[in-house]
Amino acid sequence: MSYFRITGGIPLRGEVEVGGSKNAALPIMAASILADEPVRLRRVPWLTDTTTLAEVLQRLGMRVARQGDGSLELATVDAQPVRAPYELVRRMRASFCVLGPLLARRGRAVVSLPGGCNLGDRPVNLHLKGLAALGAQFRLHRGYIVARAALLRGTTVDLRGPQGPTVTGTANVLSAAVLAEGETTINGAACEPEIVQLGEFFVGLGARIEGLGTSTVRVEGVRRLHGGEYTIAGDRIEAATLLLAAAITRGSATVRGVVPSHLSAVVDVLRRAGCGVETADGVITLVAAGRMRALDVTAQPYPGIPTDVQAQLTALATVATGRSTIRDHVFPHRFIHVAEMKRLGARISLRNGAAVVDGVPQLAGAPVTACDLRASAALVIAGLAAEGQTTVREIHHLDRGYERLDEKLQGLGAEIERVHASGAFRHHAK
């Protein structure tokens, strides 16, 4: 197994380009099942998660081909398979996004209950409730959702849940609604940019959708979707991670290839913490002249602070002045990274569902172990700020969602190297 070896205490400086959004690419890849003709997706990041979904789609009769220009072409070559197997779906929760497209296009689906990061209880009942309202029938058989839908009919669907809208549930219901007979109104739809991009992708293939980016989305079903091309926007979570890496090391960075409005809440927090942040078309520039001020933030559905940035903000708080409070209203128990941060000298306690962080002047390098995707990124940026050497193990979690993060950090001046268990280096710091 590979691990990262980091020598911390070096301010990051320079420019870096983010890749395409993982969280947008995955549901759009799954939605390609709905198209009658090939689709081409540009700026799909090549990650463990996207390669896993590509394998799922191939099992479902899709041709998934990486082109010479880096784009991804997807086309149905066999419309008979409807089973998304456990050994693949368990690796990644987003694989469950094939359920809606399979029902709408093939009338049947057999999809394993999902896996992915351990973020507490994340039931799929809202997915099933929304699809059932459109006419689908479900039963649970040996860990699989077995679904049938002879005909999907438009209706009003309510996707509001106790912790806010469901992003993957919205993707599943929207995917089914575009081919349903009549009009569907989705109340409580997720407003995330990734859902907007999914809707834009559908519109480009001939779908009729209104209200994208709001909590009420209306869909007029069409008989078929044709082929087309779509370019994935920059990954806002990767961009936030790189900006926070610059902030925690008291450096500066220009992040390119991102939509600044997608990160308005994160930019506001960074400014309140003491960073200078400027935005332009496709660009965010951060300058951190000194130690950050304490943070008081709560992760919430879009347009709030993304839950996928909560762990990285917790890392920043560990070296800020005073006491910070970090809450997560999306996944209230998503603080598994706290124990490992304490190994670096962080002073964090969990109280009443919040992480209370008393900032220290300096973290100290130590061996730590990643436990999920975003926690691994938080440990990496904490290691960049820590004095001495930090090793971050189990970085296969990080490779699920970041494309060449170590190389991008190296380009900003970080001393980080990926080491194979044999001791051989794959990348070398500059």
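The first residue in the sequence is number 1, and the count goes up from there.
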Verify whether one side chain among Arg334 and Thr307 offers a donor that lies under 3.5 Å from an acceptor in the other.
yes

List, one per line, each side-chain donor-acceptor pair under 3.5 Å for residues 353-370, sequence neighbours excluded.
| from | atom 1 | to | atom 2 | distance (Å) |
| --- | --- | --- | --- | --- |
| Asp358 | OD1 | Arg323 | NE | 2.8 |
| Asp358 | OD1 | Arg323 | NH2 | 3.4 |
| Asp358 | OD2 | Arg323 | NH2 | 3.2 |
| Gln362 | NE2 | Ala385 | O | 2.8 |

Heavy-atom side-chain contact between Glu192 and Pro303 under 4.5 Å:
no

Are Asn172 and His127 linked by a side-chain donor-acceptor pair shorter than 3.5 Å?
yes

Please lay out, stage by stage, how Val98 and Leu53 fare under the test side-chain contact (heavy atoms from CB on, under 4.5 Å).
CA-CA 9 Å; Val98 301; Leu53 184 57; 4.3 Å; yes

Quick one: do the Gln310 and Thr314 side chains pair a donor with an acceptor below 3.5 Å?
yes

Answer yes if the side chains of Tyr3 and Arg5 hold a donor-acceptor pair under 3.5 Å, and no otherwise.
yes

Are Arg59 and Glu87 close enough for a salt bridge, meaning some N to O gap below 4.0 Å?
yes

For Phe201, check ring-ring contact (aromatic ring centres under 6.0 Å, His included) against everything at least two apart and list the hits.
none

Report yes if the side chains of Val380 and Ile395 come closer than 4.5 Å at any heavy-atom pair, otherwise no.
no

Is it true that atom CD of Gln67 has more than 12 heavy atoms of other residues, nucleotides or ligands lying nearer than 6.0 Å?
yes

Apply side-chain contact (heavy atoms from CB on, under 4.5 Å) to the pair Arg400 and Leu47, showing each step before the final yes or no.
CA-CA 6 Å; Arg400 286 186 48 222; Leu47 313 161; over 6 Å; no

Give a yes or no on whether a salt bridge exists between Glu210 and Arg218, defined as a side-chain N under 4.0 angstrom from a carboxylate O.
no

Write down the atom of Gly199, the atom of Ile209, and the distance for their closest heavy-atom approach.
O-CD1, 3.9 Å

Salt bridge or not for Asp69 and Arg42, using N-O below 4.0 Å?
yes

With rounding to the nearest 0.5 angstrom, report the CD1 to CG distance, Ile232 to Asn23.
11.0 Å

Checking Tyr230 against Glu200: is there a side-chain donor and acceptor pair closer than 3.5 Å?
yes

Short N-O contact, Arg256 and Glu17, less than 4.0 angstrom
no

Here's one to test your reading of the geometry: is the NZ or CZ of Arg83 within 45 degrees of the ring axis of Tyr144 and under 6.0 Å from its centre?
yes

Flag the pair Met292 / Val319 as yes when at least one side-chain heavy-atom distance between them is below 4.5 Å, and no otherwise.
no

Could you tell me if Ser2 and His420 have a donor-acceptor pair between their side chains, going purely by distance under 3.5 Å?
yes

For side-chain contact (heavy atoms from CB on, under 4.5 Å), just list the numbers for Ser175 and Phe202, CA-CA rounded to whole Å, side-chain angles, deciding distance to a tenth of an Å, and then say yes or no.
CA-CA 8 Å; Ser175 296; Phe202 283 141; 3.5 Å; yes

With the threshold set at 4.0 Å, does a side-chain nitrogen-carboxylate oxygen contact exist between Asp296 and Arg327?
yes

Given side-chain contact (heavy atoms from CB on, under 4.5 Å), test Glu194 with Arg236 step by step and report yes or no.
CA-CA 10 Å; Glu194 294 77 17; Arg236 62 191 177 114; 2.8 Å; yes

Side chains of Thr285 and Glu278, donor plus acceptor under 3.5 Å
no

For the student: nearest non-hydrogen atoms of Arg271 and Val277, plus distance
NH2-O, 2.8 Å

Salt-bridge criterion met for Lys22 and Glu403 (N-O under 4.0 Å):
no

Apply salt bridge (Lys or Arg N to Asp or Glu O under 4.0 Å) to residues Arg418 and Glu407 and explain how you reach the verdict.
CA-CA 9 Å; Arg418 181 184 294 255; Glu407 294 180 18; over 6 Å; no

